[in-house]
Structures are given as structure tokens and as C-alpha cells.
Chemist: 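Next up is a structure, given as C-alpha cells.
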Amino acid sequence: MTVATPPEIQSAIPRLQPSGWIRYFSFSVDHKVIGLQYLVCGFAFYLVGGALAGAIRTELASPVSDFMARDVYNQVLTLHGTVMIFLWIVPVVNGAFGNYLIPFYVGARDMAFPRLNAVAFWLIPPAGLMLITSYFLTGAAQSGWTAYPPLSITTPATGQVIWILSVLLLGGSSIFGGINFIATILKLRRPGLKLMQLPMYCWAMLGTSILVVLSTPVLAGTLVLLSFDIVAHTGFFNPGLGGNVVVYQHLFWFYSHPAVYIMVLPAFGLVSEILPVHARKPLFGYVTMVYSIMAIVGLGLIVWAHHMFTSGTPPWMRLFFTIATAFIAVPTGIKFFNWLATIWGGRITLNSAMLFSCGFIVNFVLGGITGVALAQVPFDIHVHDTYFVVAHFHYIVFGGSVFVVFASVYHWYPKFTGRMLHEGLGRLHCALTFIGFNLCFGPQHWLGLNGMPRRVAEYDPQFTLINQISSVGALLMAISTLPFLWNVVQSAISGPLAGDNPWNALTPEWLTSSPPPVENWVGEAPLVEEPYGYGVPIDQLDLAAASGRDLWSIGK
Amino acid sequence: MTSTLSQASDEASSEASGDHGQEEHGDYRMFGLATFLIADAMTFAGFFAAYLTFKAVNPLPAGAIFELELPLPILNTVLLLVSSATFHKAGQAIRQGDHGRCRRWLLISAGLGIAFLVSQMVEYFTLPFGLTDNLYASTFYAATGFHGLHVTLGALMILIVWWQARPEGGRITAEDHFPLEAAELYWHFVDGIWVVLFVILYLL
Ligand code: HEM
Ligand SMILES: [Cu+2]
């Protein structure tokens, strides 16, 4: 009779949870379900943010504000930035892929705190809906995603307060997620699995989560003070009442420079998983990759004032932050060359996942170069708050992170659904996105260098042609979403079956069925000591051997 | 059948080690809590950094009042430090399985926390400046208020733990006392923050 109890225990958790499609709308505690919830929810917000971007580019197709009123433009701009950062990139590169992959990578059946995990996800939809409906009910915030005072204090209060509340909720979600990732990676590893054997994405998520835990609370506290300024008429950041706006900027950027790494470090991790598989070579320079990530985390916390060179920063501060920022280029460069070395001489399959990853490498190096340029004070004081900065950070967040998100969808879709995506549509998507992206944001460098300020609905007519080119690029990007959407929906229903491991990959998430069972593996979790042991002919690749080390030595 | 059996005994052994595993479980729950407290500490760090910067670069306009007296905050510091010690005693008692003594120490700790809150209120009502009077005043109320919120939550937590530590039917036992340990860590943290706050706001 004791025989009867254990299976019951085994299935206790799954049985409390709904199954079938309904579980994706439930308070599920399964990390795979939560990961896909993050992904689909994030993508829905991406469509909203994209529509807002379309509105912005339509307005900017002509030098006068004819498509929207100026204050509407400000609201649309603020919503666009906030949605894209807090509801699309951050939740997707961290929450979606982190939740889906990290438990596999550490050999666990779930995250360390499954319920906290579900709470973290379910904070996001209400926060996002609140933010977006504020546009229709009261008018949205108008002070940009940075909410700089005094602008955020003088523009209509209701929209700004709703903005603050929603960012606080999203920040809370992010902190809960970060705590969960740190605990899972450090405490939940399967026995025998050493830190230096973890797939690179684990390291990226560990570094990112450290940044989340250290910097997000500072933003939260700052926004609470800002809301006091708006609601209770205190004067923390209100110069009219003796306050200090520059302190807001310091506190804001203490979060928001790390935030750019919160958006891009996980993407670094994801490409580091994708490249070796499709180039059939081990990830080059594993150890230097790990140290580079940790160096970026450390340096990322002490470079924030490079966003403030025009805010009356004293010379010593400019010097310090310029040098610190320049130092970040070193670990970043190491990672870049490691990726190149990984695909160098590999047997590359140029499928959609690989094409998007290569697009990422190209775009990211351009964004990185303009970043180093921006860190130089004499240059920055000329282009600060111009379209040059807009171009720079879109090369990083879109050309970098968004490209990697798409690469990851193409790479892991067979794992999520058990079916393959259509390759041709994927390549079409990639080509349209790459051309559209560069057409949209490349010319903005020129606009900025020639003095077009950012965040304006109207501009000098001499910039009309280049703005129109940029808007055409945006249109192309909008169109590029259609083959993607068709592809993911169509393939889920009738795509060819993928089998368990269509890429012959060695990382642990592929050493189980696709889609995986609720407990991730039937039986014990595999011990993967060499997750990148590629480089042997396919027929010698023994996927049944849970450890990649043997495979690696065959290759040698 | 054999496979079911072996699976069953597998499960049983993992269940048996489940007690063991519970400690492991409790272990990383404490780890998670500690991580959260680091995040929480960063919020305070932001407030303190703002306050110190304001002090350094934003002199108050003539006639603005920002004066703090020391006696009450010193009393507050003593109250909190003693409460940390009494909470520690409660933890020791539960480990020895002495529920009665544990709960007495818990009540004393909660009482000290509530005394702190009362004394803080008295200070608020006797101070010669209000929330919106000037920059330093606002920052003072924001930082101490945020800390007071933590003490309030902590006192509630102690009372909940007191209830859970009842000898019959409570979930806290000599072997499994995660809620108590968690509340204790949190309480020490809140006290530690107070000491830093005291130095920065009252002494500097
Ligand atoms: C390669 C290393 C990087 C360097 C050296 C760098 C440097 C800079 C500098 C100096 C600025 C300030 C420009 C100005 O406002 O005048 C800036 C702005 C910005 N960067 Fe980067 N950056 C780097 C990477 C990134 C990454 C990885 C992201 C995001 C994933 C990013 C996103 C942004 C954003 C959003 C802004 C604009 C902020 C605003 O609204 O003012 N950057 N960057
Ligand atoms: Cu930055």
C-alpha cells in the first residue's frame, strides 16, 4: 500500500495545475509554461510598441506635426519607449528564455521558487494594461521613458502617476525574477554539475540578475520620491522648491545603465548557445566569456554618469566615467571576438536562427562603436539628445537584443512545440528585418550629427528626405512581422514534426522530448559536463551519452 | 510491476530524504530572502545617497528649519538593538524545543518594536518641521518613514510567528522553524539599517 502513495506524490503538483492550452492562462507554476507566458505576453506588447513606433515614424515623415498633436506625440513616444523596454525586451530576454531554459541548464525540474515565479509573471499583464489604458482614460505620461523632472512634474499628473505605478510593478516583477534566477543557478544545480560547466546563458543570467537585484530597487525608491513630488508637492527633484534634478538623473541612471545590460547580457548568453550548435563547433573561449560577463556586471555599475555629460557634471566626474565606460569595451570586445572565433571555420548551417545571430553580430558591433564614441565627452556634448543617440541605442536594443530574440525563437521553437518553422518564411523575415532595420536607423546617425534633436514632433525641413527614408525602413520592419506571425501560428498547427533534437544539440534542454514532459526529463536529469562538445561527424555524435565530454574527446 | 516497485522505493527514498531535503529547501529559502534583503538595502542606499548629496550641494534657504534632537532617536536605537537580542533568544529557545520561552521572547521583541514605532510617532509630532517644509525635511521623512514601514511589517511578522510557535498545532517546531528564522533575519536587517540611518540622519 505504500506502493500507491509515491506516484501520487510525484504527480501532486502537476495535478493541481490545469493541463492543455488552458494552463497558459492560469497561475501555472511550471517554469516552461511561465516561460512561454512571458514570451507570448511580451510579443503582444511588442506589437503594441511597434504600432506606436509606426505612429511616430508616420508623424516624422513630414516636418510639421500633422498626424498627431504635439502632446499626443509625447504620449506616444513615452509609451513606445516604456512598452519596448519594460514590457518586451526585459521580460522576454530574461523572463521568457530564462524561465524556460535555466532549470534545464542546471538540471532541475523547476525554478527555486515556482510560486514567486508565477507571481512575477502575473504582475506584468496588469501593469502593461494599466499603462496602455492610461492613454485612453486620462492621457498617458509625456516625459519620455526617463521621466526626468521637472518635465515629469509639470506635465499632466495622472498619466505620470499611472506610469510610475506601472513601472514599480514591473520593477517588482523583475526583482522577484532576479532573486529566483540567482537562487536557481547557485543552489539548484544537479549534483556533480560544476559552475564552470554551465551553458553560457546561465552565466549571462546570473550576471544580469545580480544587476537587477542591485539596481532596480534604486529606481523604485527614486520613483516613489518622484511621485511624492507630483502628488504631495515635496521638492526632492523640483528646483522650484529647492530640489535637485541632477540627483534624480544620477539615481535614474544608476538603474538605467545597468538596465541596458539587463536587456543585452541575456541576449549575449542566448547567441552563445545558438552559434555553436549551428556552426558545429565548441563555444570559443568559455572561461574568458565568463570573466567578461562578470567584468561587464562590475563595470556596468560604475559608468552611469556617461548619460549626464551635459548635466553640469564636474570635470573629474567626466574623466572617471569616460574611462570606466571605455573599459567596458574590453570585455565586450572579447565576447565579440569569441563569437567570431566560434563560427570561424565551422560547418555553418545558414538557417534563420543563424542568420539572425549573424545579423546581431553585425548590428551590435556598430552600436558598440557608436557607444564608445558617445562616451567621449567632447563628442557627446555635441550629439547628446540628438538622433545620433537614438540610432546608437536602437542598434543595441533592436539590432542586438531583438535580433537575438528572433534567433532564439527560430532556434527553440521546435523545443517549445515539437514542430519545425518554415525555413523560407524565416529567411524572408530575417532579410526584411535586417534591411528595414538598417534603413530605419542607419540614416539617423546622419540626422543626429547634423543636429536633429530627439523627442520632437517637428523638425527643420532640411531633414525631410532622410526622415522619409527612415520611415520607409520602419514600414519594412512592420511588414517583416507578417511572415513571422504567419509562420509561428501556421507551424504550430501543421508544421513538420521536429523530433526531439532536430539540431543535434548537446545542451540539456535537447536531451529530452520536444516538447518536454512536465518534470523535464523522464528519470534522472542528464549530467552534461561539456555542453559545447561539437566538432565530430554527425554519425559519431552520441546523443544518448549524457555527457558531452566523451564526444569532445572523439573530436580531438 | 517490478519497475513500479523500484520506482516506488525510489520515490520513497527520495521522500525519506525529503525531510533531509526540507532542510535543503529551507536553506535556499533563506538564501532567497537574503538576496531580497540586499535589494531592499539598495533602496535605502538610494535614499541615503540622495540625502547626502542634497546636504552637500543644496544649502537650505534662509529661515528654513531642519533641527533634530538626539534623546528620542537614541532611545529608539536602544529599543531596536535590544529587540534584536531578544529575538535571538527566541530563536535559541525554539531550537531547544522550549515553546513557552520562545514565545515570551517573541512577545518582548514585538513589544519593543511597537515601542519604537510609538516613540517614532512622538518624534514626528514634536519636530518643528513638516514633510513639505524643505528638502532635508522631506528626505528625512521619506527615509525614516520607509524604515518605519519595515518595522511595522516586522512587528506583524513577529506576531504571526508568535502564533505559529504555539506548542499545539503550530507550524513552527524545534526541527522546522523556517518562518521564525526568516523573520529573525529580516528583523536584524531592519535594525542594521536603522543604525546606518541613525548615523547618517542624526549624527552627520
Ligand atoms: C558597448 C557599450 C556601450 C557604450 C560604451 C554605451 C555608451 C552610451 C553613452 C555614452 C550614451 C549616452 C549618450 C547621450 O545621451 O548623449 C548611451 C546612451 C544609450 N545607450 Fe548605450 N552604450 C553601450 C551599450 C548599450 C547597450 C548594451 C544598450 C542597451 C541594451 C544601450 C542603450 C542605450 C540607451 C537606451 C541610451 C539612451 C539613453 C537616453 O535615453 O538618453 N547602450 N550609451
Ligand atoms: Cu549607459
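Residue numbers begin at 1 in each chain, while the letters A, B, ... track the order of the sequences.
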Chemist: When rounded to the nearest 0.5 angstrom, what distance separates CG in A/Leu225 from OG1 in B/Thr139?
Modeler: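 OG1 of B/Thr139 is found 7.5 Å from CG of A/Leu225.
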Chemist: Hey, which residues of residues 240-247 of chain A are touching chain B, say heavy atoms under 4.5 Å apart?
Modeler: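 Against chain B, the residues of residues 240-247 of chain A that fall inside the cut-off (heavy atoms, under 4.5 Å) are A/Gly242, A/Gly243, A/Asn244, A/Val247.
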Chemist: How many angstroms lie between atom OG1 of B/Thr35 and atom CZ of A/Phe176, to the nearest 0.5 angstrom?
Modeler: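 One finds 12.5 Å between OG1 of B/Thr35 and CZ of A/Phe176.
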Chemist: On a heavy-atom basis, which atom in B/Phe47 and which in A/Gly221 lie closest, and how many Å separate them?
Modeler: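 Result for this residue pair: CE2-O, 3.5 Å.
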Chemist: Check the pair B/Phe31 / A/Ile182 against side chain to side chain contact (heavy atoms under 4.5 Å, CB included), numbers first and verdict last.
Modeler: CA-CA 9 Å; B/Phe31 179 85; A/Ile182 295 179; 3.8 Å; yes
Chemist: Can you tell me how far the CD1 atom of A/Ile175 sits from the CE atom of B/Met42, to the nearest 0.5 Å?
Modeler: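 So the gap between those two atoms works out to 10.5 Å.
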Chemist: With a 4.5 angstrom heavy-atom cut-off, could you sort out which part of B/Ala50 is near chain A: side chain, backbone, both or neither?
Modeler: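 Both parts, backbone and side chain.
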Chemist: Determine whether B/Thr43 and A/Val218 make a side-chain contact, defined as any pair of heavy atoms from C-beta on separated by less than 4.5 Å.
Modeler: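 Heavy-atom side-chain distance check fails, nothing below 4.5 Å.
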Chemist: Under 3.5 Å, which donor-acceptor pairs link side chains of residues 148-157 of chain B to any protein atom two or more places apart or in another chain?
Modeler:
from: B/His150; atom 1: ND1; to: B/Phe146; atom 2: O; distance (Å): 2.9
from: B/His150; atom 1: NE2; to: B/Asp40; atom 2: OD1; distance (Å): 3.1
from: B/His150; atom 1: NE2; to: B/Asp40; atom 2: OD2; distance (Å): 2.6
from: B/Thr152; atom 1: OG1; to: B/Gly148; atom 2: O; distance (Å): 2.7

Chemist: Where on A/Ala183 is there a heavy atom nearer than 4.5 Å to chain B: the side chain, the backbone, both, or neither?
Modeler: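 For A/Ala183, heavy atoms of backbone and side chain both lie under 4.5 Å from chain B.
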Chemist: Using 30° and 60° as the class limits, which term best fits the ring planes of B/Phe54 and A/Phe237: parallel, tilted or perpendicular?
Modeler: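 Judged by the thresholds at 30° and 60°, the geometry between B/Phe54 and A/Phe237 is tilted.
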Chemist: Considering non-hydrogen atoms only, spot the tightest contact between A/Gly235 and B/Ser138 and give its length.
Modeler: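 Closest pair (atom of A/Gly235, atom of B/Ser138, distance): N-OG, 4.4 Å.
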Chemist: Show me, pair by pair, the donor-acceptor contacts under 3.5 angstrom made by side chains of residues 160-172 of chain B, not counting sequence neighbours?
Modeler:
from: B/Arg166; atom 1: NH1; to: B/Trp163; atom 2: O; distance (Å): 2.9
from: B/Arg166; atom 1: NH2; to: B/Gly169; atom 2: O; distance (Å): 3.4

Chemist: Please say whether more than 12 non-hydrogen atoms of neighbouring residues, nucleotides or ligands are located less than 6.0 Å from CD in B/Glu69.
Modeler: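 Counting other residues, nucleotides and ligands, CD of B/Glu69 stays at 12 neighbours or fewer.
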Chemist: For chain B, which residues from residues 202-211 of chain A lie under 4.5 Å away (heavy-atom distances)?
Modeler: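 At a heavy-atom separation under 4.5 Å, chain B is reached by no residue of residues 202-211 of chain A.
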Chemist: Do B/Phe36 and A/Val213 touch side chain to side chain, with heavy atoms closer than 4.5 Å?
Modeler: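 Counting from C-beta outward, B/Phe36 and A/Val213 never come under 4.5 Å.
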Chemist: A/Phe254 versus chain B, heavy atoms under 4.5 Å apart: side chain, backbone, both or neither?
Modeler: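 For A/Phe254, side-chain heavy atoms alone lie under 4.5 Å from chain B.
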Chemist: Heavy-atom count around B/His88 NE2 within 6.0 Å, excluding the residue itself: above 12?
Modeler: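 Check fails, neighbour count at 12 or below.
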Chemist: Please classify the contact between A/Leu251 and chain B as side chain, backbone, both or neither, with a heavy-atom cut-off of under 4.5 Å.
Modeler: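 The side chain, not the backbone.
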Chemist: Would A/Phe228 and B/Leu131 count as a side chain to side chain contact (heavy atoms under 4.5 Å, CB included) here? Give the steps.
Modeler: CA-CA 10 Å; A/Phe228 280 144; B/Leu131 172 66; 5.5 Å; no
Chemist: Would you mind checking which part of A/Leu188 comes under 4.5 Å of any heavy atom in chain B, side chain (CB onward), backbone (N, CA, C, O), both or neither?
Modeler: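 Only the side chain of A/Leu188 comes within 4.5 Å of chain B.
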Chemist: How about B/Lys89: does its NZ atom have over 12 heavy atoms from other parts shown lying under 6.0 Å from it?
Modeler: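 Atom NZ in B/Lys89 is not crowded, with 12 or fewer foreign heavy atoms closer than 6.0 Å.
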Chemist: Side chain, backbone, both or neither: which part of A/Leu186 has an atom under 4.5 Å from a heavy atom of chain B?
Modeler: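 Answer is side chain: those atoms of A/Leu186 sit under 4.5 Å from chain B.
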